[in-house]
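Notes for the one structure printed next.
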Protein chains: 2
Amino acid sequence: MRSDKPTIAQVAQSAQVSKTTVSRYLNGRFEFMSAETRKRIQTVIEELEYRPNNLARGLKSKRSGLIGVLVADISSPFSSILVKGIGDHCKQNGFQTIIVNTDNDPAKEREYIQALMDNRVEGLIVNVTGKHNDFLLELREQGVPIVLADRPLEHLDFDTVTSNNFQMTYDTVQHLHQEGFRRVAFFTQDVSEIQTRYTRYQAFLQACRDLYDIQGDDWVYVIEPADIESVVRELNTFLLNGVGPSAVFAVNGVTLLSVVQAITRLKLTMPTDIGLCGYDDWGWAAVIPPGITVISQPSYRVGIEASKRLIQQILSNRRFKPKLVELPSELVIRGSTVLHPKS
Amino acid sequence: MRSDKPTIAQVAQSAQVSKTTVSRYLNGRFEFMSAETRKRIQTVIEELEYRPNNLARGLKSKRSGLIGVLVADISSPFSSILVKGIGDHCKQNGFQTIIVNTDNDPAKEREYIQALMDNRVEGLIVNVTGKHNDFLLELREQGVPIVLADRPLEHLDFDTVTSNNFQMTYDTVQHLHQEGFRRVAFFTQDVSEIQTRYTRYQAFLQACRDLYDIQGDDWVYVIEPADIESVVRELNTFLLNGVGPSAVFAVNGVTLLSVVQAITRLKLTMPTDIGLCGYDDWGWAAVIPPGITVISQPSYRVGIEASKRLIQQILSNRRFKPKLVELPSELVIRGSTVLHPKS
DNA sequence: TTGTACGCGTTATCAG
DNA sequence: CTGATAACGCGTACAA
């Protein structure tokens, strides 16, 4: 086991120059360097396969080249694509990303942020677990560059990149309305802690008031996607509770899938027995007959945009006025919400 | 912007002791420390909110506490769950993971490994992009702890954690055989570069010889999942080329989904017009009528097991005899392959 | 155009 | 039980 990597000193010695000169070479400061020494250093570096030690570099220069990324659930397609976008853009700009999974657990989140700061990450991209976060605020006060991805915090003190949740949810309910659905259920997971869900919920209520002239609370069903039985029950309740063409709007991909399962269990046919649409286009939605209408989020672009803003913050070293960026999602209309095909 | 974190020196001064003593405290070496100084140091640390600088620590101690993870495609559910397992187990043992996405590109893979080594990661978990890799071999020679996840390399010089691909593929074809399918098509992406796919391919051929008494090559269809038209074409070819109950085995989740789409396009009914099964249980397989038979991989456990072995390597500091660990997958039988329901 | 000498924040060696 | 002091590998005033 020989992990005896060559150091800058060895390079200097072999090239018959001082460490300083090598260091200059490494950082591209050959403004006043003779072409000859330059060449000599280059040769030695290649020969020794020398690579600078980032730890030492960071210790001295206060620039670790590391960016910390916290996601609430890496196993969700949304997160993994987000992370991909972040990774791509950071790499392109010479940063490495340290990705950690908070499991939607605020305690873990805090712990991880500490650990990341211990490693002197230069900035943080956070998919927050809650709707308020004093710890993050404190860090921001200390000047740590931070960008929120997907989920905003209540007090908009942070740069945030997300998608136009309110608008899209509203538009989609409007689509259902236009298609002739007389009743719409909003199936969701707990709405209290996650801002994004809450926004969609609010948009739904607004749409109910504007379009259906009701308050809408009766059409909201809070479920636990893992518990299919309960989803089936709630769906049944909804259907038995009124008449006319009815549809379900699912707050996210996980919920959507569980509603599909419930529909299968109840042997209902889409869209005649029930219409269905909701968030997240994760591949399968197109394939389940008759095709499920979904809102497709620009996860990758959210990742790009978030890292772009973060790197700006890091490099420019000054604090920007926090800005909320909302990227457009796309409504993909398929058979599950089309009661009267045009053709 | 004040990123003036307190240092060990400041703690020492405030606590009226030397840096050495503080360092001892930090590393739990209070064997010979008076309870009083101990208490005093603790108080000061809390007061100052002091946290040790990992860069400095790593520089001195050669232990960065970082583990590098390379995945070929983070956006695939397999990878993201794998990464979750790795992250969970590493964290539990005091390591941070740096995750990078190689996009199935060997050049990127190499570049990233370099970058990770520059950050002095203590070990590497790699979901390799190719079937041979001299660079990794070289690193191993230098004593870098490495574990391969999911995809083995041709020469088994590395610790590797994967699932029992050969056995499961074989068993699944056997299941089709027993169910009465007379013909089985193997739909796959290019098989030449990825060992895991190749193994499944070999298992398929073997099963063909053993069970159907043919060579099997004619039943192999290499497709590009993104190009649905071609999948439709190939599927048609297969169906028109023979008689009797026919089924498709898809080499992975992506391929499986594209075959489902093709089946939908051709308005075929499962399992009567065609049986279907294949790798990866990513949620939707259960929901597409009549339920798709799949092989469910233990991605999470692969992640756990891989990091477990890696950390062993790191901590014990000696080289183990490389070992290939094959975790069992599970065959989940659903309607798409059941020609004659028992009930 | 190049080199000397010091410091970044820790840990380890040795001597009290 | 505790404390100087020297590294770790690199960057940078300052000097030459």
Side-chain angles (χ1 to χ4, degrees), chain A residues 2-42 44-45 48-66 94 115 117-122, chain B residues 2-42 44-45 48-66 94 115 117-122:
Chain A
R2 40 166 284 259
S3 60
D4 48 347
K5 316 225 180 224
T7 80
I8 203 173
Q10 298 175 39
V11 174
Q13 193 181 353
S14 295
Q16 318 259 36
V17 294
S18 75
K19 294 192 306 180
T20 312
T21 310
V22 179
S23 175
R24 286 209 187 92
Y25 173 89
L26 290 173
N27 297 320
R29 318 193 66 81
F30 4 66
E31 314 145 30
F32 304 110
M33 205 179 314
S34 76
E36 198 228 346
T37 43
R38 182 171 160 181
K39 184 73 192 157
R40 211 166 55 232
I41 294 176
Q42 191 188 352
V44 172
I45 286 183
L48 265 49
E49 295 185 350
Y50 166 78
R51 308 231 83 212
N53 181 331
N54 266 3
L55 264 42
R57 210 180 251 216
L59 178 58
K60 181 68 193 166
S61 67
K62 311 294 195 190
R63 301 221 30 215
S64 65
L66 263 26
M117 295 309 299
D118 291 349
N119 283 293
R120 294 303 183 267
V121 295
E122 296 186 49
Chain B
R2 39 166 287 258
S3 60
D4 48 348
K5 315 223 179 228
T7 81
I8 202 174
Q10 299 175 38
V11 175
Q13 194 182 352
S14 295
Q16 317 259 39
V17 292
S18 76
K19 294 194 300 179
T20 313
T21 309
V22 179
S23 177
R24 283 209 188 90
Y25 172 88
L26 291 172
N27 297 316
R29 319 194 66 81
F30 6 66
E31 315 144 31
F32 304 111
M33 205 180 315
S34 75
E36 198 227 347
T37 43
R38 183 171 160 182
K39 185 73 194 157
R40 209 165 56 231
I41 293 177
Q42 190 189 354
V44 173
I45 285 183
L48 264 49
E49 295 185 349
Y50 165 78
R51 309 231 82 210
N53 180 334
N54 266 3
L55 295 179
R57 206 175 245 205
L59 178 59
K60 181 66 193 169
S61 68
K62 309 293 194 192
R63 300 221 29 214
S64 64
L66 262 26
M117 295 311 297
D118 291 350
N119 282 294
R120 296 299 183 268
V121 295
E122 296 185 49

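It should be emphasised that the depicted structure is a prediction, and the values quoted were computed from it without experimental measurement. Chain letters run A, B, ... following the sequence lines, proteins first and then strands; every chain starts at 1.
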Do [X] and [Y] have side chains that get closer than 4.5 Å, going by heavy atoms?
{"X": "B:Asn53", "Y": "A:Asn119", "result": "no"}
{"X": "B:Asn54", "Y": "B:Leu66", "result": "no"}
{"X": "A:Lys5", "Y": "B:Met117", "result": "yes"}
{"X": "B:Tyr25", "Y": "B:Gln42", "result": "yes"}

Specify the separation, in whole Å, of atom [atom1] of [X] and atom [atom2] of [N].
{"X": "A:Ile45", "N": "D:dC10", "atom1": "CD1", "atom2": "C1'", "value": "13 Å"}
{"X": "B:Met117", "N": "D:dG9", "atom1": "CE", "atom2": "P", "value": "14 Å"}
{"X": "A:Arg40", "N": "C:dT1", "atom1": "CZ", "atom2": "P", "value": "14 Å"}
{"X": "B:Leu59", "N": "D:dC8", "atom1": "CG", "atom2": "C1'", "value": "4 Å"}
{"X": "A:Ile41", "N": "C:dT2", "atom1": "CD1", "atom2": "C1'", "value": "10 Å"}
{"X": "B:Asn54", "N": "C:dT11", "atom1": "CG", "atom2": "P", "value": "9 Å"}
{"X": "B:Gln10", "N": "C:dC8", "atom1": "CD", "atom2": "P", "value": "10 Å"}
{"X": "A:Asn53", "N": "C:dT10", "atom1": "CG", "atom2": "C1'", "value": "14 Å"}

If only atom types and distance count, is the side chain of [X] paired as donor or acceptor with the main-chain N or O of [Y] below 3.5 Å?
{"X": "B:Arg40", "Y": "B:Ala15", "answer": "yes"}
{"X": "A:Ser23", "Y": "A:Lys19", "answer": "no"}
{"X": "A:Ser64", "Y": "A:Arg120", "answer": "yes"}

I want to check one thing: is the phosphate of [N], taken as OP1 and OP2, less than 4.0 Å away from some side-chain N or O of [X]?
{"X": "B:Lys62", "N": "D:dG9", "answer": "yes"}
{"X": "B:Thr37", "N": "D:dT2", "answer": "yes"}
{"X": "A:Thr21", "N": "C:dG3", "answer": "yes"}
{"X": "B:Ser18", "N": "D:dG3", "answer": "yes"}

- Message: Can you list everything that forms a side chain to side chain donor-acceptor pair (under 3.5 Å) with B:Ser61? Sequence neighbours excluded, please.
- Response: none
- For nucleotides 11-16 of chain D, 5' to 3', base contacts (B), sugar-phosphate-only contacts (S) and non-contacts (-) with protein non-hydrogen atoms under 4.0 Å give BBB---
- Query: With sugar-phosphate meaning primed atoms plus P, OP1 and OP2, does B:Val17 contact a base, only sugar-phosphate, or nothing at under 4.0 Å between heavy atoms?
  - Reply: sugar-phosphate
- For B:Arg63, answer base if it contacts any base atom (sugar-phosphate contacts may also be present), sugar-phosphate if it contacts only those atoms, and nothing otherwise; contact means non-hydrogen atoms under 4.0 Å. nothing
- Query: So how far off straight is the helix from C:dT1-D:dA16 to C:dG16-D:dC1, going by the axes through five pairs at either end, to 10°?
  - Reply: 40°
- Would you check if there is a donor-acceptor pair between the side chains of A:Thr37 and A:Ser34 at a distance under 3.5 Å? yes
